[in-house]
Participant: 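I have a structure I would like to understand better, so I am pasting it below and will then ask my questions one at a time.
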There are 2 protein chains.
Amino acid sequence: MADVDTEGTEGVGAPAARPSADVARGRRPSTTREHIARKALDLFDRRGFDATTVDEIASAVGISRRTFFRYYDSKRDVVWGEFDAEMVRLRDQLMGAPRDEPMMDVLRRAVVATNRFGAGELDELRIRMGLISTVPALVAHSAVRYTEWCDVVADFVARRVGGSPEGLGPQTVARAALGAAMAAFACWARHDSDDLTGEVDRAFRLLATGFDENRLGRWVTSDPPSSSSGA
Amino acid sequence: MADVDTEGTEGVGAPAARPSADVARGRRPSTTREHIARKALDLFDRRGFDATTVDEIASAVGISRRTFFRYYDSKRDVVWGEFDAEMVRLRDQLMGAPRDEPMMDVLRRAVVATNRFGAGELDELRIRMGLISTVPALVAHSAVRYTEWCDVVADFVARRVGGSPEGLGPQTVARAALGAAMAAFACWARHDSDDLTGEVDRAFRLLATGFDENRLGRWVTSDPPSSSSGA
DNA sequence: TGACTTTATAGCACTCAATGCCAAAATGGA
DNA sequence: TCCATTTTGGCATTGAGTGCTATAAAGTCA
């Protein structure tokens, strides 16, 4: 693992693992979110999420149970890593897109862009996403985390087409888009399609067709159109 | 052959509330799922879901805590009522549709049909859906319950267009459809659009357009059928 | 009536996640 | 050295959920 310096570690809910730009005051943290996450994911992967207790994670890391909960709000949150940073990236991508680019193209490109990962991160990501889309406790928790994602998309859509982000239009687009993204992720995490962004791209192109039955039929049988062409 | 009428997904996990077609053997149940649900929903509505403990529900119903868990697998499940029965109805609607009817029309009609409720049920349903779409613990749990829903839809789609129900095509359609349904439900539960099936219908028509930006713009500004303005 | 069977219930003990509180440890600065 | 700051760990508590067991209530059969 060559991710020595992970500087984007803004606290999700825990105050710990601060970059601490100024002088370090007080007692130094005895570990990091990344360190905990690595140990925990390893345990989850080997023994299963439910079968791994917080006590086991804590003792594997070398901290107390109480300290674990200062780094992560819950056992579930460990799997999500630095999800919040990605949320900011998505918003930037959506809001920064040229006004004349079609809405669904912007959306597709933005989601694809925010899900580009280096080869070194993919193995861990697959474990994360595999857990998120299969373990009931994590499937459940995902709905809460993805709510923020939907809000970002709904804001974008409302800004494009008018009306309130809470309205049926933006909400439907946002939640349907989330569905497409989740489908892509789940498919990628399950079988070894090593092309995550490709899956996302395909799912969103499909979504933008309105799921016409004939096109969908051809799409399933023959190989679906890959990205390549333009925006 | 006692559990003849318990085929498929009928039993959530609790053995109680059986219609008891044959003669009643053994001690009679001291309450019903409905009775528990009514008391519990009342408490949830007044005090909030998290602030209501299982002990309080049990004592309000007049049973022990342990007995509560024989009727419902969890506190969360109370809010979902007889969700499983609806699942069977959805499958029947989808599979029973004429083969030449367009796929997305079948889907829309099926979801609309399975969400028709009598005027007497609507108040309680609004409380249920309000809770499900706002309380974090229930938002989370909804993802697990809706997984079954998605499976049904994905099966239907795969049967129509070919390929595996696990494939990206059927999964994308299913999850996007779920998104549309959730958006419609949440909008209905929040503001008092008393037309639930109308909201569902609109969301699915929108989904089938592929969210073309221009059409969506007109759709939002000029009120579609009976939505309140600017919602 | 009195066994015997079946079913539902209550109580108890237990695990585990999560939270609040407080004392102790570690660190830099005055 | 004393002090302020920050992290840590232990302790107690709450609340969900589960397994086990004894008991209560009902019908059946002799």
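Within every chain, numbering begins at 1; the chains are lettered A, B, ... in the order of the sequence lines, protein sequences first and strands thereafter.
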Participant: Contact list please: residues 130-144 of chain A against DNA chain D, heavy atoms, distance less than 4.0 Å, in numerical order.
Facilitator: none

Participant: Not counting sequence neighbours, which residues clear side-chain contact (heavy atoms from CB on, under 4.5 Å) with A174(B)? List them please.
Facilitator: C150(B), V153(B), A154(B)

Participant: By salt bridge (charged side-chain N to carboxylate O under 4.0 Å, His left out), which residues pair with E121(B), not counting sequence neighbours?
Facilitator: none

Participant: Please report the interatomic distance OG(S133(A)) to CE(M182(A)), rounded to the nearest 0.5 Å.
Facilitator: 8.0 Å

Participant: Testing the basics here: between A177(B) and L107(B), what is the closest heavy-atom pair and its distance to 0.1 Å?
Facilitator: CB-CD2, 4.0 Å

Participant: So which one's nearest nucleotide on DNA chain D is more toward 5', R76(B) or S30(A)?
Facilitator: S30(A)

Participant: Within this structure, what is the CG-to-P distance between D77(A) and dA18(C), rounded to whole angstrom?
Facilitator: 8 Å

Participant: What donor-acceptor contacts under 3.5 angstrom involve side-chain atoms of residues 85-97 of chain A, with partners at least two apart or in another chain?
Facilitator:
{"from": "R89(A)", "atom 1": "NH2", "to": "T114(A)", "atom 2": "O", "distance (Å)": "3.3"}
{"from": "R91(A)", "atom 1": "NH2", "to": "D155(A)", "atom 2": "OD2", "distance (Å)": "3.4"}

Participant: Heavy atom of residues 44-64 of chain A under 4.0 Å from DNA chain C: which residues?
Facilitator: T52(A), T53(A), V54(A)

Participant: In Å, rounded to the nearest 0.5 Å, how long is the span from CD of E124(B) to CZ of R38(B)?
Facilitator: 6.0 Å

Participant: Using the test salt bridge (charged side-chain N to carboxylate O under 4.0 Å, His left out), find all partners of R175(A) that sit at least two apart in sequence or belong to another chain.
Facilitator: none

Participant: Considering just the side-chain nitrogens and oxygens of Y71(B), establish if one lies under 4.0 Å of OP1 or OP2 belonging to dA8(C).
Facilitator: no

Participant: Once you build an axis from the first five pairs and another from the last five of the helix from dT1(C)-dA30(D) to dA30(C)-dT1(D), how far apart in angle are they, to 10 degrees?
Facilitator: 20°

Participant: Could you list, one pair per line, each protein nitrogen or oxygen that sits under 3.5 Å from a nitrogen or oxygen of nucleotides 1-3 of chain C, together with the distance?
Facilitator:
none

Participant: List for me each residue that meets salt bridge (charged side-chain N to carboxylate O under 4.0 Å, His left out) alongside R66(B), sequence neighbours excluded, and say none if there are none.
Facilitator: none

Participant: Any chance you could list the contact pattern along nucleotides 20-30 of chain C? Use B for base contacts, S for sugar-phosphate-only contacts and - for none, protein heavy atoms under 4.0 Å, 5' to 3'.
Facilitator: BB---BBBSS-

Participant: For the base of dA10(C), is there a side-chain donor-acceptor partner from R65(B) under 3.5 Å away?
Facilitator: no

Participant: R76(A): what forms a salt bridge (charged side-chain N to carboxylate O under 4.0 Å, His left out) with it, not counting sequence neighbours?
Facilitator: none

Participant: Can you check the F68(A) CZ to dC16(C) P distance for me, whole Å?
Facilitator: 15 Å

Participant: List for me each residue that meets ring pair (Phe, Tyr, Trp, His ring centres under 6.0 Å) alongside F83(B), sequence neighbours excluded, and say none if there are none.
Facilitator: W80(B)

Participant: Could you state the CZ-P distance from F69(A) to dC16(C), rounded to the nearest angstrom?
Facilitator: 12 Å

